[in-house]
Each structure stands twice: as C-alpha cells, then as structure tokens.
Amino acid sequence: MRGEAVVVGAGIGGLAVGRALRQDGWRVRLLEREPGLPRTGTALGMWPEAMAALARLGVADLVRERGVRQHGATFLRPDGTPFGRVVPDEPAHLVSRPALHELLYRDALEDVVEWGSRVDDLADLPQADLVVGADGLRSRVRERVTGGPNVPRPLGTVAFRGVVPGGVDAVTETWGRGRLFGITPQDARTTNWFACVREDLLAERAGATSDVETLHDLFGDWHDGVAEVVRAVAREGGVDRRTLYDAAPLSSMVRGNAAVIGDAAHAMAPNAGRGACEALIDAVALADALRHARSVPEGLRAFDRARLAAGRRTARLSRALNRLSTGRRLDGARRRVMGALARAA
C-alpha cells in the first residue's frame, strides 16, 4: 500500500524511512528542527544487518566507498595488554555520521525535508495516513504511542567523543576502573575517538577546568595509543560531551497510525555500537511491512512484531555493556563477558 506520510525527524532513521517510503511510492514530508545536514560527527559502525538495510535503500556501495572496513576489535587494559578480542564473521564498515546523512539524503529527499521545522505540539502535524516518530531520545511522537510522558532514564555515565588528524589501522577499546577509551579509524586521514566515564568518577575530579583537562587527568597516563590521542585532542580541541540516557522498554512501537523508530523507540547506550544500525533496520522493516499490507494498521502491527523484541534486546545489551565496561569493582564480570563475546564471534 501507499499514501501520505509525515516523518518527524530527519536524522539517520528519519532519512532512511523517508527514502524507503518514497521508493515504494509514498508521498512523504520530513520535519526536522535543525537547519540542515550535520557538518561534523564521529564514526558509526555499520554491521551486516545495517549494510543489508542500506542495500535496500540503494546506498550500501557508496557507504563501502566512503567508509573503512572493520574486521574486529581488541580490548585492552590501561597498560596496553589485551584481555579480549571480537572478530565477527562478516566485517562492519565505519562511516562518518555526516557522510551517512548525506548519502541517505542525496538524490532522494532534497524536495521533501523541511529544515527548521520544530514540532512542539503533535496537534499541529499535517494530516497524513502515517506518522513516523524518528525524533530521538526526547521524542514527542513516542508520547502519542505510549499515551504518557517520555522520561529518558539516566545511565550514570558521560560520553566524550571527537576526531583528530592522523590515521589508525586497528579498532581498540581500553577499559579501566570507571572509564573506557575507544579508538577507531574514521578514514585514511582521521581518527575517531570516544570515552565513557562514570558520573561519580567525574565528581571526584570536579576541579578540572575543561573537558580537555578532564580527559588528560583520566586517560593521559594510559598506554601510548590512548595517550597520543589525548595529546592530539589537547592540540585540536573539538570535544563533544554528553550525559548518557536510554529509554524504558516499550510495550509496542505503534499506536493508531503512528510508529516510532530508532532512538524514539529504543534509545540505547552507545557501548554496543548499534544505535544507528537499529534505526536503519527499523526504517526498512517499517517500509517493507507497509508495502505488503492492505492497510496502515495491518502494516504497523507486522512492523511491531518484527522489531519490538529485537530493539529491546539490543537496548538491554547496550545498557549491560555500559555498566560493565565502566564498572569500578567488576573485573571478574568483565572478563567473563569478554570471554563470552570472543567465543560467540
């Protein structure tokens, strides 16, 4: 079936579902509060299921061209000694957030995204056969789906992230007490980095005058790979700092003619590296369910059956990894989890 759809949010999930619906003949409007596509952002891992979704959208080959193949990750202690490695059966592809946004938008959505369109009251939405909430952690459309307020859950951790000049070949994540530091390639000339720190550990170091000083205090004496990136951050600046939240699990991702996807449905900790992937998979699953349905409610029910449990599982895993990877007294549990991940890879 096809009809008129309004998509709230033009992030990765919104662009993906807008592109998929247009391919299927829907008339689509995307309402996005930001003034345009993002110009900065760190690397996102596209796992095989996400690459399949990107193939459905016609951009998988372009992502491969713009991205970097990732064949696994090594987990290290602060002194640089490894304690685990994950090697997936199929490689992932790392691509920058701005590049992914551009590829999803280009040659498909230039005439339907309404930039600078903030949705504060759902009563002001245009009439449509379908409303898709791709409006992130603090989604207003989620409130229509649940019938109650949307209250994100604090994770007790803070993320720092950015990019620095220079390339790296390997993907590493270094775990210390109460904190971790990850390094990945973004492209041949740029390194992507991220850190996750418990809020109580940051409170103990409240004397730092800047994020750069905080990073140096927390990670400056770690092994050379981390220390070199921290020094580059001090030279270059550009630290993005965010308090982390996730979302309580939903009993359904749909209600009436409305559905939520991506972070609006199952915002999750970044530790599993799956947030963007889940948004892409949701988007394609929603479009596919509607394509094979005789009505919007029938299609939304099929979408809910396909994606509700999967999104909840991934969010639960991400929350557990966030807790374990930044634990202060969970070394044994950490080793058991990493051993299980290595055996499952």
Determine the minimum heavy-atom distance between [X] and [Y], stating which atoms define it.
X	Y	answer
Pro185	Leu94	O-CD1, 3.4 Å
Cys277	Gly45	SG-O, 3.0 Å
Val68	Gln186	CG2-O, 3.6 Å
Ala50	Leu280	CB-CD1, 4.2 Å
Ala276	Ile12	CB-CD1, 4.0 Å
Leu244	Ala159	CD2-CB, 3.8 Å

Distance, nearest 0.5 Å, that separates [atom1] of [X] from [atom2] of [Y]:
X	Y	atom1	atom2	answer
Arg140	Arg144	CZ	CZ	11.0 Å
Phe194	Asn271	CZ	CG	8.5 Å
Asp240	Arg242	CG	CZ	4.5 Å
Arg66	Ser96	CZ	OG	6.5 Å
Arg313	Ser318	CZ	OG	12.5 Å
Asp304	Arg255	CG	CZ	13.0 Å

Quick one: does [X]'s side chain have a donor or acceptor within less than 3.5 Å of a partner on [Y]'s backbone?
X	Y	result
Arg19	Gly14	no
Asp282	Gly262	yes
Thr146	Arg142	yes
Glu173	Gly182	no
Gln23	Leu57	yes
Thr190	Asp187	no
Glu32	Glu34	yes
Arg29	Val7	no
Arg64	His93	no

**OP:** Please step through side chain to side chain contact (heavy atoms under 4.5 Å, CB included) for the pair Leu15 and Leu109, ending with a clear verdict.
**Re:** CA-CA 8 Å; Leu15 293 174; Leu109 300 172; 3.7 Å; yes
Subject >> Asn192, Thr191, Thr42 screened by side-chain hydrogen bond (donor to acceptor under 3.5 Å, both in side chains) with Thr184, the one that passes >> reply: Asn192
Taking atom types as modelled and ignoring hydrogens, do the side chains of [X] and [Y] form a donor-acceptor contact shorter than 3.5 angstrom?
X	Y	value
Arg85	Thr74	yes
Thr157	Asn322	yes
Ser139	Asn150	no
Asp211	Thr214	no
Asp246	His266	no

Under-4.0 Å salt bridge between [X] and [Y]:
X	Y	result
Glu49	Arg274	yes
Arg77	Asp79	no
Asp288	Arg291	yes
Asp111	Arg22	yes
Glu298	Arg301	no
Arg56	Asp24	yes

I want to check something: taking the side chain as every heavy atom from C-beta on, are [X] and [Y] in contact at a cut-off of under 4.5 Å?
X	Y	answer
Val212	Val239	yes
Val158	Cys196	no
Arg312	Pro249	yes
Phe75	Ser325	no
Met46	Leu100	yes
Trp193	Leu215	yes
Pro98	Arg39	no
Arg179	Leu218	yes

**OP:** Not counting sequence neighbours, list each pair that qualifies as a salt bridge (Lys or Arg N to Asp or Glu O under 4.0 Å) and has a residue in residues 217-237.
**Re:**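 Sorted pair list: Arg205-Asp217.
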Would a hydrophobic clustering, with Ile, Leu, Val, Met, Phe, Trp and Tyr connected at side-chain separations under 4.5 Å, put [X] with [Y]?
X	Y	result
Leu286	Leu31	yes
Val95	Val163	no
Leu54	Leu62	yes
Val17	Leu250	yes
Leu21	Leu300	yes

Original post:
Under 6.0 Å from the six-membered ring centre of Tyr245 and within 45° of its axis: does the NZ or CZ of Arg138 meet both?
Top reply: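 Checked: cation-pi criterion met.
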**OP:** Verify the ring-centre separation between Phe83 and Trp175: is it less than 6.0 angstrom?
**Re:** yes
Original post:
Mind checking whether Trp222 and Phe181 have ring centres under 6.0 Å apart?
Top reply: no
When the side chains of residues 119-131 are checked against the rest of the protein, which donor-acceptor pairs come out under 3.5 Å, sequence neighbours left out?
| from | atom 1 | to | atom 2 | distance (Å) |
| --- | --- | --- | --- | --- |
| Asp120 | OD1 | Arg118 | NE | 2.9 |
| Asp121 | OD1 | Ala123 | N | 2.9 |
| Asp129 | OD2 | Glu4 | N | 2.8 |

Subject >> Test side chain to side chain contact (heavy atoms under 4.5 Å, CB included) applied to Thr174 and Leu180, Leu76, Ile183, the passing residue >> reply: Leu76
Original post:
Can you list the steps and then say if Val112 with Tyr105 is a side chain to side chain contact (heavy atoms under 4.5 Å, CB included)?
Top reply: CA-CA 10 Å; Val112 297; Tyr105 176 74; over 6 Å; no
Subject >> Evaluation steps, side chain to side chain contact (heavy atoms under 4.5 Å, CB included), between Asp263 and Glu278 >> reply: CA-CA 9 Å; Asp263 283 354; Glu278 298 302 312; over 6 Å; no
Original post:
Hey, mind stepping through Arg307 and Ile261 against side chain to side chain contact (heavy atoms under 4.5 Å, CB included) and telling me if it holds?
Top reply: CA-CA 9 Å; Arg307 289 298 301 155; Ile261 65 172; over 6 Å; no
